[in-house]
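Being a predicted model, the structure only gives us computed values, none of them experimental.
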Amino acid sequence: MGGVQVTGVEEAVGRAAGAGPLLLGVRHHGPGSARAVRAALEEARPRVVLIEGPPEADALVPLAADAEMRPPVALLAHAVDEPGRSAFWPLAEFSPEWVAIRWALEHDVPARFIDLPATHTLAWGTQEDEAGVEGESPLDAETADSEGASAPDPGHADLRIDPLGVLAETAGYDDPERWWEDVVEHRGVGKGNALAPFTVLEEAMGALRETYGSGGHDRDLVREAYMRLQVRAAQREFEDGVAVVCGAWHVPALRRKTTVAGDKALLKGLPKVKTDMTWVPWTHRRLSRISGYGAGIDSPGWYGHLFSAPDRPVERWMTKVAGLLRAEDRLVSSAHVIEAVRLAETLAAMRGRPLPGLSETTDAVRAVMCEGSDVPLALVQDRLIVGDVLGEVPASAPAVPLQRDLARLQRRLRLKPEALERELELDLRKDTDAARSRLLHRLRLLGVAWGEPAASRGSTGTFRETWRLRWAPELSVRVAEAGVWGTTVLSAATAKAEADAVAAQGLADVTALAERCLLAELPDALPTVMRILADRAALDSDVGQLAQALPALVRSLRYGDVRGTDTGALGEVAAGLAERVFVGLPPACAALDADGAEEMRRHVDAVHGAVGLLGDAPAAGQGHLRARWQSVLRVLCGRDTVPGVIRGRAVRLLLDDGELAQDEAARLMGLVLSPGTPPADAAAWIEGFVGGGSGGGMLLVHDERLLGLVDAWLTGVPAEAFTDVLPLLRRTFSAYEPGVRRTLGELVRRGPGAGSGAAGTGSGIPGFAAELDTVRADAVLPVVRLLLGLDEEEEHIGNDLVGATG
């Protein structure tokens with residue numbers, strides 16, 4: 001060589017496509033591309049690595065070497081003045097860009113991003129930005145642009161292409177993923193042949209771009225112009241020691257000779273917005289297409305396995321599947337694993353594939369380990385093929401103050417964000433659980449839905465809460481958005497609650513907000529909310545709105561009690577609101593149509609439950625609320641102008657509270673079901689009395705007088721009116737439990753007699769006599785004692801006594 005030293009890049013470029021930078025075209029999130037990039041960089045040893053991505057992230061590159069950084073992660077850019085306008089650039093362990101970054105850091109080589117800056121990406125295409133944060137990243141330009149992109153010209157919509165899809169179809173494949181596996185994933189990188197995959201892909205993409213141009217990705221022309229300028233700048237600084245890692249689709253454009261003036265002209269006049277950027281955790285699930293991420297992959301878990309498996313990937317995969325199924329109590333042995341591997345290899349040979357791919361391994365798992373069932377296979381698909389891996393980001397990564405406070409609270413309360421959904425049971429009598437509850441409620445108020453309340457199992461007390469927790473990457477954007485309200489979770493939630501109270505449209509919105517403030521324990525926000533609540537309640541004359549707001553206030557009182565919150569002012573507002581409901585309800589129930597009557601019936605139920613709780617609350621002036629409410633119910637059940645469904649429900653509520661004798665209830669039903677009442681009105685009364693899932697079926701089972709009245713009325717309904725009342729009655733009785741409906745059917749078939757005795761005698765119920773049969777009862781006692789273990793307990797006591805006296 002005459003003493004002239006040739007660098008690895010110069011030699012590699014000479015073997016590739018002539019003079020110029022080393023262009024490594026990749027498939028984003030492709031493990032085969034990632035392995036090939038690592039091999040090419042090891043062979044070429046460039047002096048700088050340029051990577052497709054936002055240049056604002058250059059300062060964040062060193063964090064990739066942090067011991068606490070674990071992919072999948074994503075670069076998050078958001079507008080400073082509008083955090084909701086954001087974009088992600090996801091990176092997995094098997095992403096070629098991540099491999100390039102790690103190689104550069106390990107070899108002390110500069111790594112720089114060269115794609116269009118995020119300041120333009122976020123400002124470009126406002127309408128698309130407003131559509132949401134869940135877009136496709138510029139790192140995935142082989143299939144789509146970033147979420148900040150403007151929409152392509154509709155006239156060219158038919159030209160948008162999927163390069164992998166076109167190449168797969170050309171090769172005779174109906175599945176691009178299967179084609180990619182055969183030509184890349186199953187092809188090892190041989191020694192001294194590290195650039196072969198990139199040369200082939202560049203030729204293929206060059207042919208496609210000659211045919212399709214930009215392929216409908218109009219923004220690619222601008223992005224590629226910017227990338228060419230950055231490559232030129234790097235060449236001036238590092239001469240021929242430049243390697244570029246980018247989507248294979250862009251390689252022909254970066255190779256094309258253009259003028260600097262022409263590229264700068266394409267970038268002239270681009271909109272800008274001030275942006276911040278950081279690293280955030282990502283998940284395998286968010287990398288998959290099933291999440292709506294348009295540039296994702298179908299099987300991130302499978303690709304991660306292919307990248308990390310040192311050898312025998314099929315055998316190792318089958319072992320993972322067997323471990324998962326065993327954990328779910330399925331019988332899977334080593335023999336199953338061996339047979340599944342053999343079947344996968346046989347299928348690959350029959351299908352002409354070099355090695356078993358995901359389709360072969362899935363078919364083998366279904367046939368051997370799942371016994372042909374897709375039910376356990378769905379578990380494998382969800383847990384392994386897609387996966388719930390959640391990345392981690394070091395604490396030193398840039399973050400808004402609110403994010404840092406949230407991270408501090410998560411560590412203190414031992415609430416680690418996880419991608420897999422889990423249930424969290426909280427006992428509010430414990431300090432740690434109460435603090436966890438406050439945090440989750442405050443985050444919900446801020447729009448960060450990390451946890452969703454769920455029905456508690458095993459207890460219905462107000463001291464217990466159940467949450468379903470699942471951390472999604474887009475919640476990082478929500479936290480950034482909420483940062484405008486304050487620097488801590490408490491201050492931000494307080495400011496957000498006060499602003500929501502001022503902007504609330506209706507009284508019910510304010511009462512719901514008061515409830516949320518108590519749940520989140522926001523003492524500084526509560527006075528503002530209570531003041532607005534009192535003002536709205538004093539001015540609101542809509543009884544329906546008042547009735548809808550009262551239950552939320554009462555729930556707030558109960559929640560406040562269990563959390564030790566002072567709710568005296570809230571109790572006074574609730575009592576005043578209840579009084580206004582009592583005064584306005586009877587007139588509001590007059591002259592209602594069927595839909596209005598049903599809605600008002602639900603309001604009556606809600607107020608009844610609220611008054612029941614208020615009667616026990618130690619607030620001034622609430623002691624007489626129950627008596628006042630019972631007077632209102634008596635007025636409702638006695639007015640003919642009130643719809644039947646409301647009158648029937650009023651009678652039922654008085655009966656349940658013991659304020660109305662059963663004989664009086666039967667008399668009122670008899671009057672309503674008399675021939676003088678229109679059948680439709682009578683049916684509505686019955687629905688109000690025994691419908692709505694309020695236990696009316698059991699009332700009819702245990703009081704045959706009422707059932708007899710209903711039966712006699714129904715058999716006397718004229719034929720021309722029967723078809724009108726049947727749908728209403730069917731809706732009423734279909735809500736009963738199957739056992740209740742069956743018992744009622746038996747009673748009707750037997751023919752209950754009106755006036756057959758008082759309720760509770762059971763004289764007409766099959767299997768029950770008028771008096772207790774002591775002989776039959778005594779015959780059951782030995783079995784009951786055996787089930788309860790009483791005989792064994794007495795035997796132990798007797799033995800202890802004998803031992804003590806002996």
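Between E418 and R470 no salt bridge is recorded (no basic side-chain N to carboxylate O distance below 4.0 Å). Electrostatic pairing of E237 and R232 does not count as a salt bridge here, judged by no charged N lying under 4.0 Å from a carboxylate O. The residues R219 and E224 are annotated as not salt-bridged, no charged nitrogen and carboxylate oxygen being separated by less than 4.0 angstrom. Note on R285 versus D382: salt bridge recorded, some NZ/NE/NH1/NH2 to OD/OE distance being below 4.0 Å. Under a 4.0 Å N-O distance rule, the pair D58/R112 does not qualify as a salt bridge. E52 has a carboxylate O that lies under 4.0 Å from a charged side-chain N of R223, or vice versa, which qualifies the two as a salt bridge.
The minimum heavy-atom distance between L91 and P71, with the atom names listed, is O-CB, 4.0 Å. Pairing each heavy atom of P281 with each of L390, the nearest pair is CB-CD1, 4.0 Å. F113 approaches G53 most closely through the heavy-atom pair CB-O, 3.2 Å. Across L445 and A493, no two heavy atoms sit closer than the pair CD2-O, 3.6 Å. The two atoms that bring V280 and F88 nearest to each other are CG2-CE2, 4.1 Å, heavy atoms only. Scanning both residues, S476 and L76, for their nearest heavy atoms gives CB-CD2, 4.3 Å.
When side chains are defined from C-beta on, K496 does not count as touching R442, because their heavy atoms never get closer than 4.5 Å. The shortest side-chain heavy-atom distance between V109 and L41 does not fall under the 4.5 Å cut-off. H29 is not listed as a side-chain neighbour of Y303, based on a closest heavy-atom distance of 4.5 Å or more. Annotation: side chain of W249 is in contact with side chain of R209 (closest heavy-atom distance under 4.5 Å). P96 is not listed as a side-chain neighbour of L24, based on a closest heavy-atom distance of 4.5 Å or more.
To the nearest 0.5 Å, the span separating OG on S86 from CG on L122 amounts to 7.5 Å. For the atom pair D298 CG and L358 CG, the distance stands at 8.5 Å (nearest 0.5 Å).
For the pair R38 and W103, the cation does not sit on the ring face, since its NZ or CZ is not both under 6.0 Å from the ring centre and inside 45° of the axis.
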Please determine whether side chain to side chain contact (heavy atoms under 4.5 Å, CB included) holds for the pair V48 and Q235, giving the CA-CA distance in whole Å, both sets of side-chain angles, and the decisive distance to 0.1 Å. CA-CA 9 Å; V48 64; Q235 286 181 295; over 6 Å; no
Going through the distances and angles, do L413 and L439 end up as a side chain to side chain contact (heavy atoms under 4.5 Å, CB included)? CA-CA 9 Å; L413 299 176; L439 173 62; 3.9 Å; yes
Quick one: do H28 and W98 satisfy ring-ring contact (aromatic ring centres under 6.0 Å, His included)? Show the steps, please. CA-CA 10 Å; H28 307 287; W98 179 259; over 10 Å; no
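No side-chain donor from either of D524 and T494 sits under 3.5 Å from a side-chain acceptor of the other.
Under the 30°/60° scheme for interplanar angles, the aromatic rings of W450 and W471 are found to stand perpendicular.
Remark: the backbone N or O of I385 is not paired with any side-chain donor or acceptor of S299 at under 3.5 angstrom. No donor-acceptor pair closer than 3.5 Å links the side chain of H284 to the backbone N or O of D388.
Sorted pairs that involve residues 265-274 and meet salt bridge (Lys or Arg N to Asp or Glu O under 4.0 Å), not counting sequence neighbours, are lacking altogether.
The distance between the ring centers of W467 and H441 falls below 6.0 angstrom.
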